[in-house]
Structures are given as structure tokens and as C-alpha cells.
Amino acid sequence: MKQDFKTICLPLRFKLGTVNCYLLKVNSGYILIDTGGTNNRSALEEKLRNAGCIPGNLKLIILTHGDFDHIGNASYLRQKYKAELAMHQDDFGMIEHGDMFWNRKKPNIFIKILAGLLFKLKKADRAKPDLTIHEGFDLSGYGLSLAVVHVPGHSMGSIGILASGGEFFCGDLFENTKQPTLNTIMDDIETAYLSVERLRKINISTIYPGHGEPFTMDQLNLEK
């Protein structure tokens with residue numbers, strides 16, 4: 001059965017593109033995959049409200065990884081909407097310390113300094129996740145048949161969420177802003193390719209990326 005969900009597309013700071021959040025409908029409310037950046041909190045809340053998601057019926061927030069444009073509103077939403085916050089343990093430090101380079105290999109020092117100035121989370125926006133989710137974690141208690149798939153590469157704790165209809169919410173393993181491909185930012189490119197090979201063995205109908213339009217596995221352009 002096709003998953004009932006809504007794509008929430010939010011603009012990033014400094015005209016750096018957009019980021020996708022996904023609101024999944026469950027019997028007793030909603031599950032939100034990723035939360036966008038802090039710069040669009042009011043727009044996110046308006047879109048949630050228009051979809052019928054209000055404080056009290058948001059059951060779970062799943063973070064696919066720890067980058068600022070995916071975790072920016074997680075702490076705020078958890079407090080206001082009384083939702084649990086779920087994440088892979090390997091990326092915990094990114095939201096706990098507000099540092100997207102917390103567990104990554106040494107980046108270009110200029111990029112690290114610039115990102116720290118522009119995108120580091122304020123203390124109020126940092127959080128400790130309520131739920132540690134990992135490969136095969138059972139999310140059926142939240143009203144949906146969802147599978148957690150560990151897809152490291154973009155970050156150590158990157159995960160994807162596979163719905164029963166074959167919809168795969170991949171976080172930032174892939175992007176499709178110009179064409180379906182690996183995300184342009186990769187912490188470990190060889191590990192990312194291993195994640196892709198694992199996904200080829202899974203029954204995926206459509207991939208929904210953190211940035212760009214949905215696509216199918218056979219549309220991927222993975223030139224090394």
C-alpha cells in the first residue's frame with residue numbers, strides 16, 4: 001500500500017537551495033522525517049498545521065542525520081509538540097553539541113570555520129535524542145510499518161526510512177537537484193558506495209531525497 005505522506009520543502013539560508021522534510025500520516029497522528037533549518041521555523045509550523053499536524057498528534061520525529069538543515073527545529077518541535085526524537089547513535093553528538101563536523105573526518109579548515117560561524121546550532125536548539133534507532137529497529141509501535149536502514153557515507157549515523165509501499169526516505173545519501181546522484185558532500189565516499197550496493201538489494205519503488213525531487217533507483221547516476 002502506498003504510504004500517505006506530505007513533502008514539506010523549505011528554503012535554506014543564503015539561497016543555498018531547499019531541504020525536504022516528510023510528514024507521514026499514521027492512525028493516531030503523524031511522524032515527521034527531518035525538521036529543516038532554524039531559519040524557517042514559522043513556515044514549517046504553518047505547513048504542519050495546514051496538514052493537520054498540531055501539538056499533541058505528532059508522535060515521532062526521525063532525524064536521518066545530524067546536519068543543521070535537518071535537525072534545526074528538532075528540539076523546538078519536541079518541546080512544543082511533545083514528540084519523541086529518534087536518531088542513529090553515531091550522529092548523536094552532532095545535535096547534542098550543535099556541530100555538524102562532530103564525527104566527521106577532518107574537513108577543510110576554512111569550510112569548518114565558515115560552517116561553524118553560519119550554521120552552528122544555538123544551545124536552545126541542541127538536544128539529546130529520546131530514542132536510539134539503528135538498522136532493523138521496529139517502529140511499528142508508532143502506527144506504521146517502517147524499516148530503518150543504516151546508510152553511512154554522508155555521515156557515520158546516516159539512516160534511511162523504508163515504508164511498506166517501497167517509498168525510501170534517504171536523507172542526504174542521495175540528492176536530485178540537477179540529476180539523481182550521490183550527495184555532493186560525502187564524509188566517506190567508499191562507504192557511501194557500499195550503502196548504495198546494499199540498497200540495490202532492497203525492494204525500493206521511489207527514493208525521496210533530502211534535497212530535490214523523487215526518483216527511482218534505475219535513474220541514479222553514480223559515475224566514480
Undergrad: Pairs of donor and acceptor atoms involving the side chains of residues 83-90, under 3.5 Å and at least two apart or interchain, shall be tabulated with distances.
TA:
from, atom 1, to, atom 2, distance (Å)
Glu84, OE1, Tyr142, OH, 2.5
His88, ND1, Asp90, N, 3.1

Undergrad: With sequence neighbours left out, write down each residue that passes ring pair (Phe, Tyr, Trp, His ring centres under 6.0 Å) with Phe169, or none if nothing qualifies.
TA: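 Phe169 satisfies ring pair (Phe, Tyr, Trp, His ring centres under 6.0 Å) with Phe5, Tyr22, Tyr208 only.
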Undergrad: With no hydrogens and no angle check, do the side chains of Asn176 and His211 hold a donor and an acceptor under 3.5 Å apart?
TA: no
Undergrad: Which residues satisfy the side chain to side chain donor-acceptor pair (under 3.5 Å) test with Arg126, sequence neighbours excluded?
TA: none
Undergrad: Pairs under 3.5 angstrom only: tabulate donor-acceptor contacts from the side chains of residues 132-140 to other protein residues two or more places apart or in another chain.
TA:
from, atom 1, to, atom 2, distance (Å)
Glu135, OE1, His150, N, 2.7
Glu135, OE1, Arg198, NH2, 3.2
Glu135, OE2, Arg198, NH2, 2.9
Asp138, OD1, Ser140, N, 2.9
Asp138, OD1, Ser140, OG, 2.7
Asp138, OD2, Ser140, OG, 3.2

Undergrad: Taking Asp172 for the side chain and Asn183 for the main chain, is one N or O donor matched with an acceptor at less than 3.5 Å?
TA: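 Checked: no pair found.
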Undergrad: Side chains of Ser155 and Asp91: do they bring a donor and an acceptor to under 3.5 Å?
TA: yes
Undergrad: Report the residues that fulfil side chain to side chain donor-acceptor pair (under 3.5 Å) with Asp130, sequence neighbours left out, ordered by chain and then residue number.
TA: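 Applying side chain to side chain donor-acceptor pair (under 3.5 Å) to Asp130 gives Arg78.
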Undergrad: For Lys128, which residues count as a salt bridge (charged side-chain N to carboxylate O under 4.0 Å, His left out) partner, sequence neighbours excluded?
TA: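 For Lys128 the salt bridge (charged side-chain N to carboxylate O under 4.0 Å, His left out) partners, ignoring immediate neighbours, are Glu96.
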Undergrad: Is it the case that the side chain of Ser195 and the backbone of Pro152 share a donor-acceptor pair, with hydrogens and angles ignored and the cut-off at 3.5 Å?
TA: yes
Undergrad: Once side-chain hydrogen bond (donor to acceptor under 3.5 Å, both in side chains) is applied, what residue pairs with a partner in residues 49-64 remain, sequence neighbours excluded?
TA: Asp34-Thr64
Undergrad: Residues in salt bridge (charged side-chain N to carboxylate O under 4.0 Å, His left out) with Glu213, at least two apart?
TA: none
Undergrad: Looking at NE2 of His154 and CG of Leu182, how far apart are the two atoms once the value is rounded to the nearest 0.5 Å?
TA: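 Separation between the atoms: 11.0 Å.
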Undergrad: Restricting to salt bridge (charged side-chain N to carboxylate O under 4.0 Å, His left out), what partner residues turn up for Asp69, sequence neighbours left out?
TA: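 Partners of Asp69 under the salt bridge (charged side-chain N to carboxylate O under 4.0 Å, His left out) test: none.
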Undergrad: My understanding is that only residues two or more places apart in sequence, or in another chain, count here; which of them pass side chain to side chain donor-acceptor pair (under 3.5 Å) with Thr38?
TA: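 With sequence neighbours excluded, Thr38 shows a side chain to side chain donor-acceptor pair (under 3.5 Å) to Arg13, given in chain and number order.
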Undergrad: Not counting sequence neighbours, which residues clear salt bridge (charged side-chain N to carboxylate O under 4.0 Å, His left out) with Asp4? List them please.
TA: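 Residues passing salt bridge (charged side-chain N to carboxylate O under 4.0 Å, His left out) with Asp4: none at all.
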Undergrad: Please enumerate all residues that pass side chain to side chain donor-acceptor pair (under 3.5 Å) together with Asp218, with sequence neighbours excluded.
TA: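 In terms of side chain to side chain donor-acceptor pair (under 3.5 Å), with neighbours along the sequence ignored, Asp218 is linked to Thr216.
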